[in-house]
Amino acid sequence: MAGAEFRAIGREFLEYLVTFGGLPPDADVLDVGCGGGRIAAPLTYYLDQGSYVGFDVHDESIQWCKEKLEPNHPRFHFEHVDLFNDRYNRTSTNDATSFRFPYDDRRFDFILAVSLFTHMFRDEVANYLSEFARVLRPGGAAFVTGYLLNPDSVNAMAREPRAVKFPHAHRDALVQDPDRPATAVALHQEWLVADARRVGLGVDRIAHGAWTTQARLSWQDIMLLRRDR
């Protein structure tokens, strides 16, 4: 990703985190699937009193963040986790369905999961939602983006030529590529909301995305989940 695009996406999501997610500058933030730090970079200026931890399965991205961002920002830390990922870590034998985040209970105020569930399936997502609830403080929020299947988006895929298509069924979801299904995954909104509520995460708000050709807040759908007090 070019430097200008990297910075532009970071600024865009910082605005969403503040205006839609209500992220305060003194929050303790966990970035799940942080990648190469495109959201962490603008947060180094915004979180003037808070802290940040990001983890990812892609070791090269984590090493870049540790070299370029961590030395100048002592409240920012990046960690590699060895989990199987069909795109970024195909040699691992560890499974996301049983992964326990390496953090204490009630450690964070705010969780980011940007374009994370677009590469996961229901059993994996259910485990991550449970971990979100465990490591969030009461009243804490999780900012989640993805492709949500609901009557409107399913209808748009059928009727709108420019809508993103997920034509193949796979493991309680729809995917674009049946040979590498985790490359792009659309999840059913109904069961995702039910699974979140089951572990104590209420749905604060949802902003549906422009992937269905609607003029919306962002490209992917955004869900703000909140841990019960």
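All heavy atoms count here, side chains included; hydrogens, waters and symmetry mates do not. Everything numeric in this text was worked out from a predicted model, so none of it was measured.
Put simply, Leu174 and Phe117 are part of two different groups of oily side chains (I, L, V, M, F, W, Y) that touch within less than 4.5 Å, one to the next. Hydrophobic clustering of Ile, Leu, Val, Met, Phe, Trp and Tyr side chains at less than 4.5 Å, counting indirect connections, keeps Val144 apart from Trp219. Hydrophobic clustering (ILVMFWY, side-chain heavy atoms < 4.5 Å, transitive): Phe20 and Ile39 are in one cluster. Taken together through direct or relayed side-chain contacts under 4.5 Å among Ile, Leu, Val, Met, Phe, Trp and Tyr, Val185 and Met157 form parts of separate hydrophobic clusters. In the hydrophobic cluster analysis, where Ile, Leu, Val, Met, Phe, Trp and Tyr join through side-chain heavy atoms closer than 4.5 angstrom, Ile9 is grouped apart from Val164.
Shortest non-hydrogen contact noted between Cys65 and Gly36 is SG-C, 3.4 Å. A pairwise comparison of heavy atoms in Ala156 and Ala163 identifies O-CB, 3.7 Å as the closest pair. Contact detail for Leu217 and Ala207: the closest heavy-atom pair is CD2-CB, 4.1 Å. Minimum heavy-atom separation, Ala133 to Arg227: O-NE, 2.8 Å. For Leu129 against Leu192, the heavy-atom pair with the smallest separation is CD1-O, 4.1 Å. Residue Leu224 comes nearest to Ala141 through the heavy atom pair CD1-CB, 4.0 Å, listed as atom of the first residue, atom of the second, then distance.
Residues passing the side-chain contact (heavy atoms from CB on, under 4.5 Å) test with Arg100, sequence neighbours excluded: Asp105, Glu131, Arg134. With sequence neighbours left out, Thr145 forms a side-chain hydrogen bond (donor to acceptor under 3.5 Å, both in side chains) with Gln220. For Arg90, the salt bridge (Lys or Arg N to Asp or Glu O under 4.0 Å) partners two or more places apart in sequence, or in a different chain, are Asp86. When the salt bridge (Lys or Arg N to Asp or Glu O under 4.0 Å) test is applied to Arg226, the partners found at least two apart in sequence or on another chain are Asp204. Residues satisfying the side-chain hydrogen bond (donor to acceptor under 3.5 Å, both in side chains) criterion with Glu124, sequence neighbours excluded, are absent altogether. For Val203, the side-chain contact (heavy atoms from CB on, under 4.5 Å) criterion is met by Val193, Arg197, Ile206, Met223, Leu225, not counting sequence neighbours. Judged as a salt bridge (Lys or Arg N to Asp or Glu O under 4.0 Å), and not counting sequence neighbours, Asp179 has no contacts. Every residue meeting the side-chain hydrogen bond (donor to acceptor under 3.5 Å, both in side chains) condition with Gln63, not counting sequence neighbours, appears here in chain and number order: Asp59. For Arg171, the salt bridge (Lys or Arg N to Asp or Glu O under 4.0 Å) criterion is met by Asp123, not counting sequence neighbours.
Under the 4.5 Å side-chain criterion, counting only non-hydrogen atoms from C-beta, Asp31 is not in contact with Leu43. Residues Phe55 and Leu30 are in side-chain contact: their nearest non-hydrogen atoms beyond the backbone lie under 4.5 Å apart. Looking only at side-chain heavy atoms (C-beta outward), Asp195 and Arg122 come within less than 4.5 Å of each other.
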Criterion ring-ring contact (aromatic ring centres under 6.0 Å, His included) on Phe99 and Phe101, from CA distance to verdict: CA-CA 6 Å; Phe99 175 58; Phe101 294 179; 5.7 Å; yes

Audit row: Thr212, Asp152, side chain to side chain contact (heavy atoms under 4.5 Å, CB included) steps and yes/no: CA-CA 9 Å; Thr212 58; Asp152 287 342; over 6 Å; no

Derivation and outcome, side chain to side chain contact (heavy atoms under 4.5 Å, CB included), residues Cys34 and Ile62: CA-CA 8 Å; Cys34 64; Ile62 292 297; 3.6 Å; yes

Intermediate values then yes/no, side chain to side chain contact (heavy atoms under 4.5 Å, CB included), Ser218 and Glu15: CA-CA 11 Å; Ser218 184; Glu15 180 178 352; over 6 Å; no

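His77 places no side-chain N or O within 3.5 Å of a backbone atom of Val53 that could act as its donor or acceptor partner. Checked by atom type and distance alone, the side chain of Tyr103 never pairs as donor or acceptor with a backbone atom of Phe108 at under 3.5 Å. Listed for the Ser92 side chain is a donor-acceptor partner under 3.5 Å among the backbone atoms of Asp82.
Applying the ring pair (Phe, Tyr, Trp, His ring centres under 6.0 Å) test to pairs two or more places apart or on separate chains, those with a residue in residues 136-173 are Phe121-His170, Tyr147-Phe166, Tyr147-Trp211, Phe166-Trp211. Applying the salt bridge (charged side-chain N to carboxylate O under 4.0 Å, His left out) definition to pairs two or more places apart or across chains, those involving residues 69-81 are Lys66-Glu70. Here salt bridge (charged side-chain N to carboxylate O under 4.0 Å, His left out) pairs that include residues 137-150, with residues two or more places apart or in two chains, are Asp28-Arg137, Asp109-Arg137.
Of the inter-residue distances, the one linking Ile222 atom CD1 with Phe13 atom CZ reads 6.0 Å to the nearest 0.5 angstrom. With values rounded to the nearest 0.5 angstrom, His208 atom NE2 is found 6.5 Å from Leu148 atom CG. Interatomic distance, CG of Asn150 versus CG of Leu187, reported as 12.0 Å (0.5 Å rounding). To the nearest 0.5 angstrom, Phe110 atom CZ is 5.5 Å from Leu17 atom CG. Interatomic distance, Asn127 CG to Met120 CE, rounded to the nearest 0.5 Å: 7.5 Å. Residue Tyr45 holds its OH atom at 11.0 Å from CZ of Arg11, rounded to the nearest 0.5 Å.
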